2 protein chains.
Amino acid sequence: MARPKSIGEDELLSRLENVFREVGYEAASLAVLSKATGLQKASLYHRFPRGKAQMAQEVLSAALDCFTQQVIAPLNAAGDPEKRLALAASNLDQYYFGGRKACLLNIFASPDIDGGPFQPSIRAAFEALLKAFAKIARDGGAPASEARQRAERAVALLQGSLVLSRGLQNHAPFKRFLKELPSEILGK
Amino acid sequence: MARPKSIGEDELLSRLENVFREVGYEAASLAVLSKATGLQKASLYHRFPRGKAQMAQEVLSAALDCFTQQVIAPLNAAGDPEKRLALAASNLDQYYFGGRKACLLNIFASPDIDGGPFQPSIRAAFEALLKAFAKIARDGGAPASEARQRAERAVALLQGSLVLSRGLQNHAPFKRFLKELPSEILGK
DNA sequence: GTCTATACTCGGATAGAC
DNA sequence: GTCTATCCGAGTATAGAC
């Protein structure tokens with residue numbers, strides 16, 4: 001709540017992102033977004049002339065950039081698969097605040113938002129993550145078809161553990177997912 | 001779209017449920033709900049005096065009853081675990097329309113809806129499902145602690161495969177989840 | 001029990017001053 | 001670039017006829 005007099009671009013997008021992840025797209029009214037950022041509605045429109053839809057798009061875009069850098073990149077890097085996975089897991093933990101913050105890919109998946117302008121980004125993001133998990137599984141010695149299946153399981157477990165943690169109001173499922181991720185990807 | 005002159009209680013709740021599952025709570029405006037049911041807003045208020053919140057509560061309650069009967073009950077029944085799981089999986093397939101319909105437990109999980117009046121029901125539903133999966137895992141020979149972990153994984157995979165299927169606009173992940181559910185629960 | 005019509009609030013968006 | 005003030009439409013909810 002305490003806000004500095006003038007917030008930067010990154011902080012602005014970060015606060016908007018928090019609102020969207022907490023309450024969803026529809027419930028994120030301009031009043032709420034205004035309060036969260038400390039900017040009046042008109043100021044938000046100065047920065048985002050196309051309104052809430054643009055805010056969501058820029059938030060999603062920035063979040064995917066961050067996610068790519070923090071999670072996808074380590075998975076695709078060179079080096080010991082175990083260590084790359086450990087780094088990705090640690091960054092996943094940060095990104096989802098230990099399971100307390102929802103995933104925008106779930107939040108924005110509703111096909112109903114303006115006819116679903118987010119769907120392409122969401123789909124691309126899922127596919128990038130699937131590809132990265134599959135690559136590291138292959139690097140760990142799995143055959144190609146098996147690698148893809150493990151990747152799909154890992155992504156489903158990530159999303160599902162977030163949903164379950166939220167539903168139970170208990171972050172243990174997400175934490176367990178993080179712990180089991182390496183064996184999930186690199187083999188039973 | 002084509003609607004009979006007068007629809008029954010079950011059909012009414014079913015149509016409301018479809019809307020909530022497709023667009024979420026906030027985006028389900030009375031106009032949309034009115035169109036989906038063929039009833040005018042005032043008629044909906046006659047049936048649900050407390051408005052949209054009550055509609056959502058009754059929809060959730062009915063859906064959980066249905067889910068309990070179709071999925072939880074088979075899991076908790078007597079008889080061959082393999083067959084009980086097969087029946088539950090088949091009913092899951094129906095309930096989620098082969099992965100095309102989202103889960104209300106995910107849709108309604110936003111803590112922001114009126115201060116989260118759905119949270120207790122959601123939590124209870126998750127715990128009932130976890131318990132049922134754990135029971136059938138034990139019936140299949142798993143030790144208690146292992147059974148609980150398999151149950152948690154299964155629930156996460158269910159929710160996650162739905163999210164992923166929705167995001168990819170491809171129902172393969174959900175279908176694969178259904179196929180792998182028995183080995184997931186009964187052992188590797 | 002369903003309708004038409006309407007009241008009222010809130011959310012999205014703009015104008016224009018500073 | 002941020003503000004106050006305002007407009008307009010959408011959304012929730014109600015009144016009252018049939």
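Since the structure is predicted, the reported quantities are computational estimates derived from the model, not experimental observations. Order of the sequence lines sets the chain letters (A, B, ...), proteins ahead of strands, with each chain counted from 1.
- Atoms CZ (A/R47) and P (C/dT14) sit 16 Å apart, rounded to a whole Å.
- Of the candidate nucleotides C/dG11, D/dT12, D/dT2, C/dG11 has the atom nearest to the side chain of A/A31.
- In the set C/dC3, C/dA13, D/dT2, the nucleotide with an atom closest to the side chain of B/L39 is C/dC3.
- Picking from C/dT14, D/dA13, D/dC3 the nucleotide with the shortest atom distance to the side chain of A/Q40 gives D/dC3.
- B/K41 comes within 4.0 angstrom of a base, heavy atoms only.
- Nucleotide D/dT6 holds its C1' atom 15 Å from the CG atom of A/L30, rounded to whole Å.
- If you measure from atom CG of B/L33 to atom P of D/dA13, you get 11 Å, rounded to the nearest angstrom.
- Comment: B/R47 engages B/E58 in a salt bridge, judged by a side-chain N to carboxylate O separation of less than 4.0 angstrom.
- Closest to the A/A42 side chain, of the nucleotides C/dT4, C/dA15, D/dT12, is C/dA15.
- In this structure, the CD atom of B/E26 is 12 Å from the C1' atom of D/dT12, given to the nearest Å.
- Atom pair B/E9:CD and C/dT2:P shows a separation of 11 Å (rounding to whole Å applied).
- Distance check: A/N106 CG to A/I122 CD1 gives 9.0 Å after rounding to the nearest 0.5 Å.
- The pair B/E184-B/R150 fails the salt-bridge criterion, with no side-chain N (NZ, NE, NH1 or NH2) lying under 4.0 Å from an Asp/Glu carboxylate O.
- Looking at B/R21 and B/E17, a side-chain N of the basic residue comes within less than 4.0 Å of a carboxylate O on the acidic one, giving a salt bridge.
- We find that CD of B/Q54 is positioned 11 Å from P of D/dA13, with the value rounded to whole Å.
- Summarising the geometry of A/L75 relative to A/A88, their closest heavy-atom pair is CD2-CB, 3.7 Å, with the distance given to 0.1 Å.
- Atom pair B/Y45:OH and C/dT6:P shows a separation of 19 Å (rounding to whole Å applied).
- Residue contacts shown for B/S43 include a base, since a base heavy atom lies under 4.0 Å away.
- Protein atom OH of B/Y25 is 10 Å distant from nucleotide atom C1' of D/dT12, rounded to whole Å.
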